[in-house]
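Working notes, beginning with the structure itself.
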Amino acid sequence: MVSSIPVAGFVMPEINPELPPGGIYAIAVSLLVAIVVIDYLFTRPRRIKNLPAVPSRIPVWGSLSILFPQAKSSKDSPCSKFEELAQKYGDLYQVRLGTRNVVVANSYDSILRLWCYHNIRNNNSRPILHTFHGILSQSKVYTVGTTPFGDSYLRSRKYMSSRLLNESSNRKYNSTVISDEATKLIKSMLANAEYGFVEVDITRDCQYFHLAVALILTYGYEIDVCGNEEDKKLADEMIYVENYITKIRSHIQNVQDYLPWIIRPFFNLFSSKSSISKQLYVRRNKYLTKFQNFTSCNMNGPTEYVCRSLIYNYFKNGDQDKLNKDQLGSICLTMVSAGLDNTPLNFQYAMIQLSQSPHVCKTARLKLLECFDNDSIQAWDNCHVEASCPYMVAIVKETLRLFTVLPMCLPRETTRDIVLGDAVIPRGTTLFMNAWAGNHDKTRFYKPLEFIPERWLDPESGLIDCNTRHFSFGAGSRMCLGNNLAFKELYVLLCKFLLMFDISPGPNEMETLNPLELNQFPESIAIEPIELQIRYTIRDLTLSKYVEAVQ
Ligand code: HEM
């Protein structure tokens, strides 16, 4: 309603603050129409023909509610929500998340179709995400796993694989380091054992173990968390910072990554991520520089560990033409962050399962000892050389499958068109692997939520059945590069723990063994079980005396 007030010879219109209800509706409807039109013209991603689509009724937003608000229970975790949608739309479908059209694979077969076979080279990039690549990584040096496809990525991956992780000579050396560090971990448990047992949640000790291995291989730096208070503080700082960064960089937690750039500042206003991440990056740089300086200072009088380290050999061999300093930095970053949570969390979950499965422990021990003439000391000293016990390999595989520490894997981006039946998934499309759904696919895994190591063994030969796989390390051309190292760490730890201890439930009551229900952070990228103590009782006194005497 407009009235008139005479001012100095002319008439000014006055807006009546009390708009009639019709006016408010008119404004609301115009706004809505504007949003729909803008969405239609600018932000709506193009749907892929002939591929089932989850209906998207909310402009700009689409189905982002799958990732937001934050999950409170296992049912709200994104992998469960995506799996639920698969019951209606099939195991492979497209879903609109903000401005992105994401293709999600939710079964064993659909993951193989999209990540392996002839598509193996067509989906080998990572999407650029605003929170991680824009805000968190201010130095623009990413881990190998988060670097988009290109020359830099290829060089880093190749160098890391050949010089550090996968060639037979470094695999042999890595196994020796793993064995020594596993022995140190168990020695510290023996030292803490009162009345012949110790009750502990092993995750933190296992993080120290993994960190020690990673620092020796990368820098030749020997961290001593048991004997040196400064080193312990340093290890705790690294574990805290790396865990925090992993949590806030998640591709399934940051809805702003999927929204138009114009809306993002609004989300950032209510989020302290930006300022926290700046502090975390300063803290991370501090320890990375410390290790780099350590190796540089020891170039002229190197210890054996320094001599075998990645950094020492990079400078000694003059590899600057193969890899520039940023790419080397990217590998170092990967080494200190990748696996720091994943490996220990898997190991703790294996211990949770074994504490409830005395028959599995008994069989495992018998089978392991059989490989070493029933001599526990020989088994202790040599179990790292080769993964020669199929039953132990089966336990590791079953843990990785059932636990699925990264239930939504890491996101991918297609680098070429992918043809799937009548559908063409265009280049540049984001793909999500629901690894949880693939690893618990009933059509492939009998009783998928039960811990059955035998499922990995050929019933006739007793050897590992190579026709089945799991997706906990991802799949295809960007599959986890550290899978051999992580596997060996789990294998050696498992062998040594089973040789040394009887593993039984601790004081905590376990209401469930379902990893999703044990998870403290259902919305997070990784499954982190609530703290659970397990009882480790020394079973072989001769062996424990032998290990205590090891220098
Ligand atoms: C149990 C422990 C671990 C698990 C479950 C795990 C899992 C994963 C997963 C799911 C991916 C994404 C794969 C894909 O997109 O298909 C990945 C990537 C990667 N992981 Fe691991 N990881 C573990 C330990 C490690 C360790 C110890 C290292 C390094 C020493 C490592 C290095 C990498 C690298 C470099 C990539 C990126 C590969 C690429 O993008 O080319 N991981 N990991």
Side-chain angles (χ1 to χ4, degrees), residues 79 105 111-112 114-116 119-121 123-127 142-150 152-161 163-166 170-171 174 177-178 203 206-207 209-218 242 246 251 310 327 330-350 396-397 399-415 430-436 438-439 469-491 493-494 515 525-528:
C79 68
I111 292 173
L112 284 185
L114 212 49
W115 266 260
C116 303
N119 290 319
I120 195 158
R121 302 240 164 265
N123 68 0
N124 50 15
S125 195
R126 303 276 183 209
Y142 313 133
T143 60
V144 177
T146 44
T147 307
F149 187 74
S152 196
Y153 158 73
L154 286 171
R155 277 171 185 264
S156 309
R157 179 162 173 128
K158 191 172 166 204
Y159 195 89
M160 190 172 177
S161 178
R163 294 299 164 90
L164 193 57
L165 296 174
N166 295 328
N170 33 64
R171 277 169 79 159
N174 298 354
V177 174
I178 289 170
T203 316
C206 200
Q207 283 172 316
F209 154 81
H210 173 79
L211 191 59
V213 172
L215 292 177
I216 289 173
L217 302 186
T218 315
E242 296 303 328
T246 306
H251 65 291
L310 173 86
Q327 289 153 356
S330 164
I331 295 179
C332 295
L333 201 59
T334 309
M335 283 303 287
V336 298
S337 61
L340 185 50
D341 285 339
N342 294 343
T343 312
L345 290 168
N346 266 291
F347 189 67
Q348 162 70 355
Y349 188 68
V396 176
K397 281 181 180 266
T399 304
L400 286 159
R401 177 199 73 80
L402 176 49
F403 185 52
T404 316
V405 62
L406 300 175
M408 288 304 297
C409 197
L410 296 186
R412 291 284 186 93
E413 190 171 285
T414 53
T415 38
T430 303
L431 308 180
F432 280 2
M433 176 200 289
N434 190 343
W436 174 269
N439 281 345
R469 57 167 302 160
H470 62 77
F471 301 107
S472 297
F473 289 125
S477 61
R478 291 202 72 159
M479 186 180 157
C480 175
L481 192 56
N483 75 83
N484 284 322
L485 183 77
F487 180 87
K488 210 42 173 307
E489 287 183 337
L490 291 170
Y491 180 87
L493 279 176
L494 194 68
I525 188 171
I527 295 181
E528 292 184 44

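In this text the structure is predicted, and so the values were computed from the model without any measurement. When a ligand or atom number is given, it counts from 1 through the structure's own listing order.
- With a heavy-atom cut-off of 4.0 Å, Thr343 touches ligand 1 through backbone and side chain alike.
- With a 4.0 Å cut-off on non-hydrogen atoms, Arg157 touches ligand 1 through its side chain and not its backbone.
- One side chain, Thr404 or Asn439, offers a donor N or O that lies under 3.5 Å from an acceptor on the other.
- Heavy atoms of Ala475 found under 4.0 angstrom from ligand 1 belong exclusively to the backbone.
- Every side chain to side chain donor-acceptor pair (under 3.5 Å) that Thr430 has, sequence neighbours left out, goes to Arg100.
- Contacts between Met433 and ligand 1 below 4.0 angstrom, taking non-hydrogen atoms only, are absent altogether.
- Considering only non-hydrogen protein atoms, atom 7 (C) of ligand 1 sits nearest to Ser472 O, 3.5 Å.
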>> Between Asn342 and His210, is the side chain to side chain contact (heavy atoms under 4.5 Å, CB included) condition met? List the steps.
In response: CA-CA 10 Å; Asn342 294 343; His210 173 79; over 6 Å; no

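- Protein heavy atom at the shortest distance from atom 30 (C) of ligand 1 is Met335 SD, 3.5 Å.
- Ligand 1 lies nowhere less than 4.0 angstrom from a heavy atom belonging to Glu489.
- The side chain of Tyr153, and not its backbone, has at least one atom closer than 4.0 Å to an atom of ligand 1 (non-hydrogen atoms only; side chain from C-beta on).
- Listed by chain and number, the protein atoms of type N/O/S under 2.8 Å from atom 21 (Fe) of ligand 1 are Cys480 SG; waters are omitted.
- Listed by number with element, the atoms of ligand 1 under 4.0 angstrom from any heavy atom of Val405 are 5 (C).
- Under 4.0 angstrom from ligand 1, the non-hydrogen atoms of Arg478 come from both its backbone and its side chain.
- Under 3.5 Å, the side chains of Asn124 and Arg478 contain no donor-acceptor pair of N or O atoms.
- Side-chain atoms of Gln207 and Asp341 form a donor-acceptor pair, as typed in the model, at a separation below 3.5 Å.
- When hydrogens are left out, the protein atom nearest atom 16 (O) of ligand 1 is Arg412 NH2, 2.7 Å; that is the closest non-hydrogen contact.
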